[in-house]
Amino acid sequence: MNKICVIKGDGIGPEIINEAIRVLKVVRPDLEYTECLMGGAAIDAVGVPLPQETIDVALNSNAVLFGAIGGEKWDKLERHLRPESGLLALRKALGVFANLRPAFVYDGLEELSTIKASVVKGVDLLVVRELTGGIYFGQPREKLADRAYNTMVYTRDEIIRIAKIGFESAMKRRKKLCMVDKANVLETSALWREVCDELAVNYPEVELSYMYVDNAAMQLIKNPKQFDVILTENLFGDILSDEASMVVGSIGLLASASIGGKVGLYEPIHGSAPDIAGQGIANPIATILSAAMMLRFALNDEVSALKIENAVKRVISEGYGCADLANAKIKLNTQEMGELVAKYC
Ligand code: NAD
């Protein structure tokens with residue numbers, strides 16, 4: 001039995017997760033779900049943002065499907081008691097070190113992007129970001145009165161494990177891997193290149209290229225179609241994955257997966273959207289697509305993942321959308337969107 005730990009969270013979290021499960025039940029009726037608390041909902045119920053029980057269930061599941069957490073109600077709590085501390089602690093407990101963020105522009109939705117439709121039409125790329133190393137975690141780090149410093153550090157093993165995910169992702173796609181770095185300035189980047197060159201021998205079909213991060217930031221706006229898989233370290237990936245999502249233009253369509261540890265975490269890139277929570281108008285597609293990533297990466301079920309992705313494409317090509325897709329001809333509420341995707345699966 002494949003077990004899924006479900007964390008609905010706060011705000012629109014429960015609404016969007018319900019629709020993802022509706023769709024999953026059609027393509028994979030065999031999955032077993034255990035609902036767990038995290039974020040504001042957990043603080044209200046048991047006083048902490050990540051109860052031990054949630055960690056235990058997550059670690060004994062095949063995957064964690066997560067909605068979103070957070071809201072004004074909990075913003076004034078001490079940092080370690082706030083909802084987002086729960087998410088950071090969960091990522092740590094799961095040991096996920098690779099963040100995968102696809103950016104896909106659907107036919108007919110090019111106008112959602114602030115970039116010219118002719119430039120974004122046909123974009124289909126994946127950012128593979130290292131998640132647990134680099135300058136965000138490197139030691140030593142310190143802020144003194146007149147001087148502050150951080151350390152960007154990577155070990156060969158840390159690079160090998162994320163680079164393998166980059167190459168393997170490219171193999172499942174159009175077999176193009178662009179490693180983004182700053183090798184003209186940084187020693188860590190030089191090590192990344194060395195490791196990627198060595199690994200490339202094992203993936204002869206993958207076309208490996210390198211690009212400096214400043215150029216990549218420009219190329220993502222100038223000609224995003226040139227990219228298939230972008231592989232990069234933590235800090236650069238943090239920035240470039242957000243930039244890539246803006247190529248698409250709608251936050252309600254973007255999925256993500258954090259993998260590499262014992263159990264993967266699958267979640268939309270957006271937050272709990274308190275401004276529209278409880279109204280039944282949130283777009284569940286980002287969460288539904290995160291569920292498709294879960295099937296692909298956690299359960300190795302490419303067929304069901306594609307069924308969901310193709311159903312979403314059909315829904316959008318027929319002009320359906322939620323309130324966030326301004327140019328959709330037929331507006332659906334959250335539940336209607338979930339029902340239609342499920343029907344087309
Ligand atoms: P947000 O992503 O929640 O919302 C930004 C804007 O996008 C809002 O106008 C919202 O209505 C809209 N939006 C988001 N998801 C949508 C969807 N599925 N359909 C339609 N519209 C959608 O970001 P925010 O407003 O900065 O943050 C709100 C809360 O979410 C905060 O408490 C923040 O800390 C939290 N947050 C959580 C996560 C997470 O759980 N992973 C990520 C980011 C922010």
Side-chain angles (χ1 to χ4, degrees), residues 5-20 22-23 36-44 49-50 54 58 64-92 94 96 99-101 106 109 112-114 129 131 238 241-242 245-246 248-258 264-291 293-294 312 315-316 320-328 331-338 340-341:
C5 170
V6 175
I7 300 175
K8 293 184 173 178
D10 310 315
I12 60 170
E15 302 164 44
I16 53 180
I17 286 282
N18 287 346
E19 298 316 312
R22 185 192 303 282
V23 172
C36 289
L37 292 173
M38 187 169 81
I43 296 168
D44 287 351
L50 181 64
T54 298
V64 180
L65 182 63
F66 164 53
I69 49 165
E72 215 178 320
K73 181 178 173 191
W74 305 282
D75 278 351
K76 291 192 177 62
L77 295 171
E78 277 179 66
R79 181 168 295 278
H80 72 283
L81 287 176
R82 282 192 221 153
E84 48 274 33
S85 311
L87 180 55
L88 293 177
L90 180 66
R91 286 187 183 137
K92 196 167 178 200
L94 298 178
V96 288
N99 184 241
L100 273 52
R101 291 238 313 234
Y106 290 89
L109 294 190
L112 289 174
S113 178
T114 50
R129 165 193 171 193
L131 205 54
D238 192 1
S241 57
D242 271 10
S245 66
M246 283 302 97
V248 178
S250 173
I251 199 165
L253 297 176
L254 295 160
S256 84
S258 298
L265 178 66
Y266 300 85
E267 58 175 314
I269 73 153
H270 58 72
S272 57
D275 53 333
I276 56 167
Q279 297 176 34
I281 58 167
N283 191 341
I285 288 180
T287 316
I288 291 170
L289 293 173
S290 303
M293 292 185 86
M294 178 183 87
V312 168
V315 164
I316 289 174
Y320 294 101
C322 291
D324 60 317
L325 304 183
N327 55 353
K331 294 278 189 316
L332 303 179
N333 65 31
T334 311
Q335 185 176 331
E336 289 166 341
M337 178 57 86
L340 191 60
V341 176

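What's counted below: heavy atoms across the whole structure, side chains too, no hydrogens, waters or symmetry copies. Remember, it's 1-based here, ligands and their atoms both numbered in the order they're listed. This chain uses plain numbering: 1 for the first residue, then up along the sequence.
For atom 40 (O) of ligand 1, a protein non-hydrogen atom is found at a distance below 4.0 Å. Distance check on atom 34 (O) of ligand 1: every protein heavy atom falls at or beyond the 4.0 Å cut-off.
Using a distance-only test at 3.5 Å, with no hydrogens or angles considered, a donor-acceptor pair links the side chain of T334 to the main chain of I281.
Distances from atom 22 (C) of ligand 1 to the heavy atoms of I281, I285, I276, N283 put I276 nearest. Remark: among candidates G271, G70, P268, the nearest residue to atom 42 (C) of ligand 1 is G271, based on non-hydrogen atoms. Closest heavy-atom approach to atom 30 (O) of ligand 1 within the set C322, S272, P284, G39: this belongs to S272.
With a 4.0 Å heavy-atom cut-off, ligand 1 is reached by the side chain of P274 but not by its N, CA, C or O.
By the 3.5 Å distance cut-off applied to N or O atoms, A273 is counted among the residues near ligand 1. When only interatomic distances are considered, the shortest N/O to N/O separation between E84 and ligand 1 does not fall below 3.5 Å.
Ligand 1 does not have W74 within reach: every non-hydrogen atom of the residue lies 4.0 Å or more from it.
Under 3.5 Å, the side chains of S272 and D10 contain no donor-acceptor pair of N or O atoms.
A salt bridge is absent between D75 and R82: the closest approach of a Lys/Arg side-chain nitrogen to an acidic carboxylate oxygen does not fall below 4.0 angstrom.
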